[in-house]
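Step one of this worksheet: look at the structure below.
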Amino acid sequence: MAEYLKPNSKVNAVKDAYVDLDLLMKPHPVTGDITTKKDSDAVKRSVRNIVLTNKFERPFKPNFGGSVRDMLFELDSSRKKTRFKKELISLIESLEPRVFNVSVELGEMGDSNSLDVRIFYSITNGLPNQTSEFTVTRVR
Amino acid sequence: MSIKSSNINATDLDFDAIASNIKTYLKGQDKFKDYDFEGSTMSVLIDMLAYAQHIGGVNTNIAASELFLDSAQIRKNVVSRAKDLGFIPATEKASSATVSLDFNGVLNPDGTIPSVNDMILPRGHKFSSVFDGVTYEFVVSKSVTPSVSVNDFNYESVEIVQGTYVTDSFVFDSQIKNAKFVLSNARVDRSKLSVSVNSAGVDTTFALSTDVSSITSSSEVFYTQENEEGFLEVYFGDNVLGKGLKDGDVISVTYIVVDEVHADGAKIFSLLQSVNGFSNATVTTISPANGGAEKESIESIKFKATKFYTSQNRLVTLNDYKAKVSEYYPNADAVAVWGGEDNDPPEYGKVFVSLKPQNADYLSEVEKADVQLKLNQLNMLTVRPVIVNPEIIKILISSTFKYNDNETTLSKGELEAVVKNSIINFDNTNLNNFDAIFRHSNLVKAIDESEKSILSNITNIRLAKKASITLNKSLGFKVNLGNSLYNPHAGHNSTSGGITSTTGFYITGDSTNIQYFDDDGNGKIRRYILSGGVRSIQDSEAGTIDYVSGQISINAVNITSTINTDTSIEFTLIPNSNDVIAIRGSLIDIDIDRISVKGEEDTIASGESSAGVGYSSTSSTSY
């Protein structure tokens, strides 16, 4: 896996410390440029990217990604859920150095054929108690 | 550090290095800052860019490699690069044999004798042979007209080749520029290709062009090459280099599709189809099937193309001969060439070529004549190439090894088989070429290492060489071993035959006693018979033996028959050195049918005896 540079804590303290492209690639209504995600939004998007990416999806990084979609109908016991949560937490902590205090909550699937994922974390030198929430459902 | 966009390093091939270069470039701006975080969208884009550049770089590298003969890996590119050097890779070669065919007492149902034309053996006529339990189909390569004696029809020297005959037909269309006609089968023997063109109802046979220097605008020749899919394609001249074709000309290409398994060594053939309704033929094998070969490999093309280019299609140096002979006879296992001045005795104005096929010891006479004919067309006027059989010096091995019974689960017999196999492997690895040297200590080491329980071995060798005998003529002959022979003192072992023993033979005037040769330890060869197990010398000066040069000369003697069925006498001698070298056109080879291996349990190592009491060891000189 490629080495990444540690973020500079001094830079993090200022506004617009983190600026990233929006994955949706939509143009800004006024400027026409591609919209950006900044600070906590950028971190939130990053966490979401990590969790939703499937393994073997990123070139030359086979272990990158939480493969949540693959788990849609797999988490039928509490033991499996606990293990998956641990895996996700470990993955986020190793790939996203801007967050700490990570915890994961998995919603009941029931008969809805969906998996609710809630990720709680605090941003280093930034806002605490952030939540990233999304639902994985079958495609068709 | 800010980096200008023109300074981005885009020459790396490695994915991580490319990604790192892009990140370094991005450090030069402050609009986007998250490129260092793996989960960021920027990182996703960087990975995509790096991946695209990586794949592009690798593809470019492969493409560039394929441009050169040395680094090309794909066959079509290797063939194409070789074509630049004028080298045409060999195609598959069908195994071929020569037989003669006799139909005796042939009569039509109405009692008449069929005409010669009726009895022509057509090309493609089928024969079969069972070899190693598998049936193979052979076909006649050229139509053969029989010789007739009353109502006996005899076909001398019929060449049959293994495979199936196929004919492809094409129509020439001048609208198609640079037309090439691709044969519909992959495994085609180019040397058996036959092309005829029907132009306005007239059939003309075209010949395969091999040398462009003799071709004129009216030469009826065709060219061949291997196309990108590995199929053979045929094309014709342009009315400058060879006669061109006209619209509507029908091209018929008849060729043999080579079987995937070559039946080299097949000796017994039978007719599969009748000739003019007659099938009670006697098929006699003149030379068994041999010469089957696969398409030239990529490694071989790379090796030969440069040699071919160096020789420029002329035979001047020894290496020119080597390159050409390998081209004419792709099935060659080893080729040796030496000038007549180096021959013994010297024969000036000749170049001697010795060739060992892959699956046999000698070339057939037909193959020899074929190679010699082709060489004659290229060599210098004053030099005459001569194809000679390799002289094979057999090494007879007798090995006794000691083993520790506690170290192995194998029985003595199984250990002996293991050792024998290791000797055979040694032979296959080290002695299958001209200029080979038999290194005794290497063999001893190979035997020691063939199984962990083997402690030591005593391995003794003898040299054996056959001399072909012309029967019923009073002729002398020579046997040259090319290695010094064992003669520690004058008169060594004189009473028991010195160091020479031979197979038996009969001479004129004595059809009762089997004669043998031995030596007296003083440089004289003697002829003797065994009378009640005792040697009775018949001729004490039957020839001479030179222990230093390893040459035996037998004086004129009229031999009427030999014990060996191939009319030969085999001389077995003790060499002076355990290392044996092959000179000029000789090959040295361990006789795997006569390997003698004996295992003995080591009584000291296994704890049965101590202090050497009761321990026996093998003589290092006996055989």
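All heavy atoms count here, side chains included; hydrogens, waters and symmetry mates do not. Owing to the predicted nature of the structure, the values given are computational and were not obtained by experimental measurement. Each chain gets a letter, A, B and so on, in the order its sequence line appears, and its residues count up from 1.
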task: Would you check, one step at a time, whether the test salt bridge (Lys or Arg N to Asp or Glu O under 4.0 Å) holds for B:Glu296 with B:Lys304?
output: CA-CA 10 Å; B:Glu296 192 151 20; B:Lys304 283 187 194 165; 3.1 Å; yes
Between [Y] and [X], is there a side-chain donor-acceptor contact under 3.5 Å, judged purely by atom types and distance?
X	Y	result
A:Lys44	A:Gln130	no
B:Asp12	B:Asn21	yes
B:Asp168	B:Tyr255	yes
A:Glu133	A:Thr131	no

Which portion of B:Phe15 sits near chain A, non-hydrogen atoms under 4.5 angstrom: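 For B:Phe15, side-chain heavy atoms alone lie under 4.5 Å from chain A.
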- prompt: Where on B:Ser20 is there a heavy atom nearer than 4.5 Å to chain A: the side chain, the backbone, both, or neither?
  reply: neither
- prompt: What's the shortest heavy-atom distance between B:Asn425 and B:Thr429, and which atoms?
  reply: O-OG1, 2.6 Å
- prompt: Is a side-chain donor or acceptor of A:Ser67 paired with a backbone partner of A:Asp70 at a separation under 3.5 angstrom?
  reply: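 No, the answer is negative, given that no donor and acceptor are paired below the 3.5 Å cut-off.
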message: So if I take each residue of residues 44-57 of chain B and look for any heavy atom under 4.5 Å from a heavy atom in chain A, which residues do I end up with?
response: B:Val44, B:Leu45, B:Asp47, B:Met48, B:Tyr51, B:His54
field: Between A:Val47, A:Leu23, A:Ile50, the one whose heavy-atom pairs under 4.5 Å with chain B are most numerous
entry: A:Leu23
